[in-house]
Amino acid sequence: MSQNKGHALTGLNVVFVKEFHDFTQSVRMVVLTILILLTAGTSIYVATQTVKSCVGEDNFLLLSLFTLSKSPVPSFLTLMSFLVPLTGIALGFDAVNSEFQNRTLPRVLSQPIYKDVLLFGKALGSLASMALVLLSLWLFVIGFAMLFLGVPPTGEQISRAMVYYLITLLYGVLWFVIALFFSIICTQSSTSALVSIACWLFFMIFWPTICQLLSYAIGGTNSIVVAKTNSALARISPYVLYSEASIAILNPTTRSLGVVLFYQMDGALGGSPLPFGQSFLLIWPQLTSFFAAIILIFTFGYMKFQRMEIRV
Amino acid sequence: MKDEVLKVQDLTKIYPNGKVAVNKVSFTLNKGEIFGMLGPNGSGKTTTILMLLGLLDATKGSVSVLGYNPLRTPLEVKKRVSYLPDSVGFYSNLTAYENVDYTTRFLNLDGKERRARIDKAFKKIRLYNNRDDKIKTFSHGMKQRLGLAEVLIKEPDIAILDEPTQGLDPESVAEFLDIIRSFRDDENMSVLISSHQLNQVQSVCNRVGLFSQGSLITYGTVKELSEEQFGTNRIINLTLEEDADISEITHSIEGINQTRKIAPGQWIFTCTKDIRSKLVKALVDNRLNINSVNLQLHSLEDIYRSFFEEVKNVTE
């Protein structure tokens, strides 16, 4: 009895298991997984066909599978930047308000747990199921590459691919947290789904245009200022952060993200790959931004949830 | 002195917008009794209940549940108190068993004990044959029953039931009240039950409290409340077959304060005690034919209405 006398996270494992179970068995998750497997499979297959011709010439063959595209099939990276947000939104958009709609919240919260454990459990459950889906996809790509190309990946390639996996997971979690936030604010799950998708479309399609207009308005005729403002503003969009970080880690020849002047390139060995540590350093700001955004949005949602009345 | 399992003192809830939802409510729940919180919708019953469970902060006042303060140690309270919310909901994509299993897992029982408790409760509530059906297929009454099963599984000291009979057909209401009575008699629980259907619920309650606009107007046994409101006088209605003057006959019966004739053959007596047998005997001795003799009882609804009018008059 003296044990389990009610520490702050009592019951977290129960909520986690239930949510993980729900997510992995839900129809929407199955549909999304099939969609991702089909599209990503096609893209990887096309990339393998393209890359087959240059086996032996490129030291980073495995990594180029993620970034290669051949019209009309987009690259694996582009596909993921579309589909991962969708997965995050699908997991999060009704996380909290469906409990209100089903009137299950008072029943669950009258059990011996604290209120925030429910939110933590839901977040961890969806994080785990997303990690699982992405990990299986990642293994699928690597296995596929070895099977078709017959070249075993080097340690560096695997570590770079691992970092790419981590970035993709962070990207997905960010969109999950955004959807979770809207599911706390909106009482109807259809509203929160629409708002989350609107948010996604905004950053995907409208934000780049708005960025350009804004940077011209700010920079005027000074083209360096315009370019710098543009890239700074564009990085507000998670999509840009994701693409930049992925490209820098998957393509070792990337030396800089953003605006570089000619004199800054003086003495650089163009086209030669950076070591893993340097590439990782290059994307460190992007990773930090992901963490910060996730924590910030989750905290707002948490505060809102804690202050909410549980009555329907 | 009976054991108090729950004690509420001057409990007040004022919302930030200035609305007073609960106003200085004080009452106690004794061990092994059923206490009815009765009053119309919006009279502060559910708000009070949520504060008892620590699911809502009180603005003022104190609550003690089995010696624990629900705001300071909510887990200790929630471990020992079961709550059936107003129109309870379940996860519709899960089965009845899975739904209850989920909430039961929070109790930290081992697997065998958990399954045994769930099965026992399902048998008692007569849902055992539906345990593997999805909640989607359940009617409102079945969901309420499942809620009762969940209350039972926790084996609590106190059960708090919010509007348990709402929306049920009369037959189910009777069955429900039987189950609730068995909570007290067989399972040793103290029960707090809230309802706006006064007459349905009064039959199971040892004591009731009448709520109106956030305040607890009065509480006690139904008899006490009736006497408080209408005095100790008994009212007897008599209908005779013929129109005869009986004031001479009744004059000799002890205990009648007032005799009134309201229609040919219809009489009302105000008495200090129940004098029905004496009255009948006297009338029969005088060869009068009696159609009916009734002792008029005050229902809880009469009492409530009368209290409510008083409160209204005072506030106006």
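Remember, it's a predicted structure, so these values are computed and weren't measured experimentally. Proteins come first, then strands; the chains are lettered A, B, ... in the order of their sequence lines, and each starts at number 1.
Within a 6.0 Å sphere centred on CZ of Phe300(A), other residues, nucleotides and ligands contribute 12 heavy atoms or fewer. Within 6.0 Å of atom CE in Met162(A), 12 or fewer heavy atoms from other residues, nucleotides or ligands are found, so the atom counts as exposed in its surroundings. Few gaps surround NZ on Lys124(B); more than 12 heavy atoms of other groups in view lie less than 6.0 Å from it. No more than 12 heavy atoms of other residues, nucleotides or ligands lie within 6.0 Å of CZ in Phe291(A), so this atom counts as exposed by the packing criterion.
Contact of Val17(A) with chain B is not made at all, since no heavy-atom distance falls under 4.5 Å. For Glu98(B), no part lies near chain A; criterion is any non-hydrogen pair under 4.5 Å. Proximity to chain A is limited to the backbone of Asp86(B), based on heavy atoms less than 4.5 angstrom apart. Heavy atoms closer than 4.5 Å to chain A are found nowhere in Thr73(B), neither backbone nor side chain.
For the pair Lys78(B) (side chain) and Leu109(A) (backbone), a donor-acceptor distance under 3.5 Å is present. Between the Arg107(A) side chain and the Pro85(B) main chain, no donor and acceptor come within less than 3.5 Å of each other.
The shortest non-hydrogen separation linking Phe106(B) to Ile113(A) is CD2-CG2, 3.4 Å. The heavy-atom pair separating Arg103(A) from Ser87(B) by the smallest distance is NH1-OG, 3.0 Å. Considering every non-hydrogen atom in both Thr103(B) and Gln111(A), the closest pair reads O-OE1, 3.6 Å.
Side chains of Leu94(B) and Asp22(A) form a contact here, defined as non-hydrogen atoms less than 4.5 Å apart.
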Exercise. Going through the distances and angles, do His21(A) and Tyr102(B) end up as a side-chain contact (heavy atoms from CB on, under 4.5 Å)?
Worked result: CA-CA 12 Å; His21(A) 187 261; Tyr102(B) 174 44; over 6 Å; no
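Distance check, rounded to the nearest 0.5 Å: CD of Glu150(B) to OG of Ser110(A) gives 7.0 Å. Between atom CD1 of residue Ile310(A) and atom CG of residue Leu53(B) there is a gap of 8.0 Å, rounded to the nearest 0.5 Å. In this structure, CG on Asp57(B) lies 10.0 Å from CD on Glu309(A), to the nearest 0.5 angstrom.
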